[in-house]
Each structure stands twice: as C-alpha cells, then as structure tokens.
Amino acid sequence: NAGVTQTPKFRVLKTGQSMTLLCAQDMNHEYMYWYRQDPGMGLRLIHYSVGEGTTAKGEVPDGYNVSRLKKQNFLLGLESAAPSQTSVYFCASSRPRTNTEAFFGQGTRLTVV
Amino acid sequence: AQRVTQPEKLLSVFKGAPVELKCNYSYSGSPELFWYVQYSRQRLQLLLRHISRESIKGFTADLNKGETSFHLKKPFAQEEDSAMYYCALSGTGANNLFFGTGTRLTVIP
C-alpha cells in the first residue's frame, strides 16, 4: 500500500522557471493538502482540496496554483519560481470526518537558484 | 482565526528525564487537536489526538480549554523519542489542518 506519493523527491529550478509537483494517494481520501516546511516556520498550508474539482487557498497561496482533476491526484504548480519558494513541500490526504488522521507524503525538496 | 503556538523551537532532555512539549492554540470554535511527529528521514505521522485520550509510545496530551493548551508529556524520555514534534489544530466541521512551528526534541544519552 503506497499511501501518499510525491513526485519528484528533489528538484533544482532557476528563477522564473515553472514546474509541477504531483501528489498521488491510493486511500480514496476526499481531502488533500499542500504544505511547505521552512526552518522556524513549521508547516504552512498552501492550498487544499475537499474533493475532486474543488480547491481552496490556505495560509500562503501566493505564487502557487493547484488542480484536483482526479480524486487521487493533487497537483501543485509554480508558474514562475522565486528563491523564496525554496522549501520542502509536503502533500497530505485525509478522510472528511471529524478528528481524522492526515497521511503525509515523503516530501519534495525544491531549491530555486 | 486559527493559531497554534509552540514556544520552544529546541528542547533537550536527558534520557530518563520527564518531557513536556508545550502547545497553545487560538480558535473561536470547538478545536480538534493533534500531535504529529517526524523522525529523522521519515514521514510526518500522527502521534496522538485529543479525542482519543490515549497514550502512544508513553506520550499523553490533555486538552485544557481554560488555558487553551494541549501540552505533550512523557514521564521518562527515551533516545528514540528524538524527533521533530508538531502540534496541529482543526476545527469541528472544518476542512483544513493548521500546524505550529514545531519543537525539535533531543534526548541526550
């Protein structure tokens, strides 16, 4: 059982380049999330989705776009990467019940130079 | 607005000593609180949730609504407890999950 899988694991981008991070889950979860993890800042929610075809902004959505065309996939896009987007990105998924556990991917380390 | 505060970025204790990782929250509704842990080179994973009132790996956490706190405690720290710990909050019926800034716990042999 793969759980939550993120692709790629590592990436280096030049300023201004674009890229898409893919998150796939095989647990049939309704909810999916994208976080970024920075030293001293903890995990900050970028965008989230409560179901196929729906997305919503989190705490730090600027500079990112997302899409949830299929229930099992949640894509995070950077249209024009900036050094401030250097971070470790985590995807998570959960069921929509109260007090439910969120399952995390292994993370994507992105460096923008 | 939701807010989770973990005042200690770093915490070091000796093996066998008690541990307390602090978490305070701000939320206008009925909160749901969690502790997540990230061991070295592993994924972030759920440690415990307040609704379960359970003890996991010797850790417990009690929700104190009066003090708006959800501190994580263990009476005797072990070396394998060294990890990054995050307190997280969701609201009843809410569909997002907010995290604190995390506390890195180091247990000294």
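Lettering of chains follows the sequences in order, A, B, ..., and the numbering in each one begins at 1. Keep in mind that what you see is a predicted model, and the values were worked out from it rather than measured. Note: hydrogens, waters and symmetry copies are ignored here, and every other heavy atom, side chains too, is used.
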Using non-hydrogen atoms and a 4.5 Å limit, figure out which bit of A:Phe90 sits close to chain B: side chain, backbone, both or neither.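 For A:Phe90, the contact with chain B is made by the side chain alone.
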
What part of A:Leu43 is in contact with chain B, defined as an atom under 4.5 angstrom from a non-hydrogen atom: side chain, backbone, both or neither?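 Looking at A:Leu43, backbone and side chain both touch chain B.
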
Distance check, rounded to the nearest 0.5 Å: [X] atom [atom1] versus [Y] atom [atom2]?
X: B:Leu44; Y: A:Gln106; atom1: CG; atom2: CD; result: 12.5 Å
X: B:Phe99; Y: A:Arg44; atom1: CZ; atom2: CZ; result: 14.0 Å
X: A:Glu101; Y: B:Leu48; atom1: CD; atom2: CG; result: 11.0 Å

Joint hydrophobic cluster, [X] plus [Y], side-chain heavy atoms closer than 4.5 Å:
X: A:Leu21; Y: A:Val60; value: yes
X: A:Met41; Y: A:Tyr64; value: no
X: B:Leu46; Y: A:Leu45; value: yes
X: A:Val50; Y: A:Leu75; value: no
X: A:Val88; Y: A:Trp34; value: no

Below 4.5 Å, heavy-atom pairs only: which of B:Gln6, B:Arg104, B:Gln38, B:Arg41 has the largest tally toward chain A?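 Most heavy-atom pairs under 4.5 Å with chain A: B:Gln38.
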
Using atom types as modelled and distance alone, determine if a side-chain donor or acceptor of B:Arg43 lies under 3.5 Å from a backbone N or O of A:Val4.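 Between the backbone of A:Val4 and the side chain of B:Arg43 there is a qualifying donor-acceptor contact (under 3.5 Å).
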
So, the side chain of B:Tyr36 versus the backbone of A:Ala102: is there a donor-acceptor pair under 3.5 Å, distance only?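 Answer holds: yes.
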
Can you confirm whether B:Leu97 sits close enough to A:Tyr35 that some side-chain heavy atom of one is under 4.5 Å from a side-chain heavy atom of the other?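 Counting from C-beta outward, B:Leu97 and A:Tyr35 do come under 4.5 Å.
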
Validation row: A:Phe104, B:Gln42 side chains within 4.5 angstrom (heavy atoms):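 No, their side chains stay 4.5 Å or more apart.
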
Are there over 12 heavy-atom neighbours, none belonging to A:Glu79, within less than 6.0 Å of that residue's CD?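 Open.
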
Within 6.0 Å of CZ in B:Phe76, more than 12 heavy atoms from elsewhere: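 At most 12 heavy atoms, drawn from other residues, nucleotides or ligands, come within 6.0 Å of this atom.
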
Under the salt bridge (Lys or Arg N to Asp or Glu O under 4.0 Å) rule, what pairs show up with a residue in residues 57-76 of chain A, not counting sequence neighbours?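 Residue pairs with at least one partner in residues 57-76 of chain A: A:Glu30-A:Lys71.
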
Minimum heavy-atom distance A:Gly40-B:Thr101, with the two atoms named: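 Heavy-atom minimum between the residues: O-CG2, 3.6 Å.
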
